[in-house]
Amino acid sequence: MASAVAVSAASSPIEVNALVKRFGTVTAVDGVSLTLRAGECLGLLGPNGAGKTTLIRGIVGRVIPDAGRITVLGFAACSGEAREALGWVPQELAIYPRLSCKENLSSFGRYHGLRGGKLAEQVAWCLKWAALEDRAAEPAKNLSGGMKRRLNMAAGIIHKPRVVLMDEPTVGVDPQSRNRIFEMIEALRAQGASIVYTTHYMEEAERLCDRIAIIDHGHIIAEGTNAELVHSAFGTRSQVLARFAGAGPEIAAWVERRGGRMADSTAQFTVERSTEIAGLLDDAARDGLELEDVSLRRPNLESVFLHLTGRELRD
Amino acid sequence: MIFAIVRTAVAALRRDRASLALSFVLPIAFFSIFAMIFGSQHNTVPRVHVIVVDQDKSTASRQLVGGLEREGSLIISTRPKSKTKGQELPEYTAASAEAAVKAGDVSVALVIPQGWGQNPISFGGSHSGPVIELLSDASDAIAPQMVGGLLQKASMTAMPAVMAEKGSEYTAQSIGGFTPEQQKRMDANMAELRQIENAPAETGAAGAPEAGPGGGGMIAVHERAVVGENKNKPMISFYAAAIGVMFLLFTASGSAGALLDEAESGTLDRVLSSRVTMTTLLAGKMTFNTLLAFSQLCVMFLFAWVVFHIDLFGHIPGFVVMGICTAFAVAAFGMLLASMCHTRAQLGAVSTLLILIMSSLGGSMFPRFLMPKAMQTAGLFTINAWAIDGFTKVFWRDLPVTALWPQVGVLLTVGVGLFLIARRVARRWELA
């Protein structure tokens with residue numbers, strides 16, 4: 001046991017190595033390798049169906065990989081040690097609707113082996129963390145959508161795990177509740193938890209995550225900090241967004257000829273220097289295109305995803 | 001527009017197999033079961049098994065027993081069946097016949113006392129001398145009535161000479177005697193009747209004259225309920241068990257359905273990602289469902305005690321043993337159904353179908369002892385039958401807890417077996 005602890009102390013919170021998972025003919029995760037470092041928040045960014053949830057379920061031991069290996073603090077993903085170290089916030093509202101907030105937390109605490117004073121202490125902490133103290137006795141089914149989400153998160157960390165997996169915890173919540181959830185995650189990080197955070201909202205990943213892995217069709221297509229990802233895709237270049245009057249195929253063809261692409265009826269061009277905008281505008285005027293609006297922006301994760309896959313993140 | 005709505009509804013129904021099963025399979029299954037129980041199309045009307053103890057051994061008593069034996073709806077036994085081929089056991093005595101009724105082997109026994117043949121007929125409601133004793137199990141309200149009626153019929157058809165002789169004696173007493181001419185004719189007719197009596201018996205009672213309107217009866221019979229004679233409400237404890245078990249099955253399958261809700265909501269996944277294993281989870285739910293079912297039984301029998309005055313507190317050990325075993329078996333049944341079904345709707349349909357079939361076969365809707373033999377045997381494949389038999393032993397026959405071993409053994413074995421199958425089936429939730 002002592003050696004196991006020594007191994008775990010030296011190991012990364014999560015190591016995923018060449019993971020493959022197939023469901024029938026569909027390969028949901030295809031050779032993914034990933035490392036979560038101690039104390040960091042790693043974002044898994046990808047559109048719906050990219051393989052994020054399957055990867056998370058693999059880490060939590062709920063799917064058997066067809067190939068590859070997953071360890072949590074050095075322990076195999078299905079082991080008891082890994083289960084104790086992990087906290088999982090699933091995408092679904094995996095709570096008991098008829099039980100109160102306090103009863104829900106107590107139940108999941110007991111499932112993790114908490115008893116007596118320790119359980120009461122953790123339940124109280126979680127209720128405070130999720131700002132649900134005044135709704136402790138309220139049945140979960142009566143809570144608002146945002147409150148249910150917070151309770152769902154609290155149930156995942158009731159046993160004070162060192163590594164937390166959050167699978168799209170802000171799905172379907174309003175901006176105010178989303179901000180509250182961000183604060184909860186930041187408070188958790190301040191306590192030293194290592195977090196894997198999956199989302200298809202790039203602004204969430206930009207705000208919360210130290211590093212981001214972009215996943216698409218079961219592959220990790222890019223990995224790094226926000227700045228690294230943008231730099232590797234665009235270097236020092238910026239993006240010019242232009243809207244033209246009318247919407248004919250001739251506009252799309254013109255944009256393509258100029259090396260840009262159309263997205264949501266907006267033409268996107270990459271420029272090295274802002275002075276290149278003048279040339280772009282001159283060309284448009286010469287070719288008879290009427291410009292309605294033009295802006296310059298630094299590329300973001302959305303741009304990176306579009307650049308790497310040719311698709312919008314929320315397609 | 002109406003056609004469009006009908007078309008949509010038909011398409012939805014076609015895809016809802018559960019509703020289809022409830023709409024078409026359940027009525028047919030029920031119809032078949034009750035058709036078989038009442039046997040109208042297969043001529044399988046149940047025959048009543050009767051023990052006859054002939055202590056008299058007179059001509060009249062032998063004729064009466066012979067007449068009863070020819071009744072197609074009765075199975076007459078005068079001695080127990082030997083398990084060894086060729087060996088004949090001694091005839092029943094009054095005591096052993098009573099014990100057989102008490103044990104539930106038969107519903108009725110007839111004891112023809114010594115001296116009965118000297119004065120077998122009771123015209124006009126008055127009777128002197130020993131009378132036939134009909135020992136009954138009050139849980140079966142039909143068999144004693146049926147045997148009593150057939151006894152009167154047999155007296156008319158099997159012993160006409162005795163009947164006529166006693167009748168003429170009664171008439172002579174009433175009118176002050178016959179004239180010599182009348183007496184001569186009477187003797188001639190009596191000789192003819194005796195010839196008929198001594199002729200080889202026809203098979204069955206078909207063609208025999210119907211018994212007259214003998215509500216009071218030509219043969220005096222004293223009926224004594226040897227089981228349930230002190231019970232003030234004969235069938236209450238039977239139905240408390242019968243109906244109780246049926247609803248226990250519904251509750252258990254409904255409660256076990258929580259597993260499906262949890263699987264659907266993702267709660268099951270979360271629970272299984274903690275220290276809880278699938279075996280622990282199922283065992284926990286099974287324990288809860290067992291306690292729930294037992295509590296239901298307690299409430300039901302307490303209600304029966306308060307309102308219908310069944311003797312609950314005189315049978316606490318037997319009630320607890322049977323209650324726990326029954327609750328355990330129905331809880332396991334519910335767990336198996338829940339683990340096999342994929343949705344709540346499917347569980348609802350399958351459990352309704354199975355529970356109603358089990359309940360009709362197992363005696364929750366219609367007592368098994370009134371069913372044809374084959375149906376009674378089929379009922380043994382249901383939890384209902386074993387549970388009801390056990391509760392009947394406790395509350396009706398006042399048997400000790402040790403006598404419950406067959407029911408306890410079967411229910412516990414069924415419970416363990418169903419739980420193990422449920423555990424095996426639940427593997428589908430463990431890992432993807």
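Chain letters run A, B, ... following the sequence lines, proteins first and then strands; every chain starts at 1.
- Salt bridge annotation for B:Arg275-A:Glu84: present, with a cationic side-chain nitrogen under 4.0 angstrom from a carboxylate oxygen.
- Taking a 6.0 Å sphere around NZ of A:Lys148, one finds it holds more than 12 heavy atoms contributed by other residues, nucleotides or ligands.
- Heavy atoms of A:Ile95 lying under 4.5 Å from chain B belong to its backbone as well as its side chain.
- Summarising the local packing, CE of B:Met300 is surrounded by more than 12 heavy atoms from other residues, nucleotides or ligands at distances under 6.0 Å.
- In this structure the side chain of B:Asp269 never reaches within 4.5 angstrom of the side chain of A:Glu92, judged on heavy atoms.
- Looking at A:Ala155, the atoms closer than 4.5 Å to chain B (heavy atoms on both sides) sit in the backbone and in the side chain alike.
- Nearest heavy-atom pair across B:Arg270 and A:Gly156 is NH2-N, 3.5 Å.
- Counting non-hydrogen atoms of other residues, nucleotides and ligands closer than 6.0 Å to CZ of A:Arg115 gives a total above 12.
- A:Leu114 CG to B:Ser274 OG: the interatomic distance, rounded to the nearest 0.5 Å, is 10.5 Å.
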Checklist entry - Given the rule in the side-chain contact (heavy atoms from CB on, under 4.5 Å) test, do B:Val271 and A:Tyr96 qualify, once you have shown the distances and angles that lead to the verdict? => result CA-CA 11 Å; B:Val271 172; A:Tyr96 296 108; 3.5 Å; yes

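- Annotation: side chain of B:Leu272 is not in contact with side chain of A:Tyr111 (no heavy-atom distance under 4.5 Å).
- Side-chain contact check for B:Glu430 versus A:Ile64: every heavy-atom pair is 4.5 Å or farther apart.
- Sparse packing is recorded around CD of B:Glu264, with 12 or fewer heavy atoms of other residues, nucleotides or ligands lying under 6.0 Å away.
- Within 6.0 Å of CZ on A:Arg22 lie no more than 12 heavy atoms contributed by other residues, nucleotides or ligands.
- Taking every heavy atom of both residues into account, B:Ser273 and A:Val60 meet most closely at CB-CG2, 4.1 Å.
- Within the 4.5 Å cutoff, no side-chain heavy atoms of A:Phe108 are placed close to those of B:Val276.
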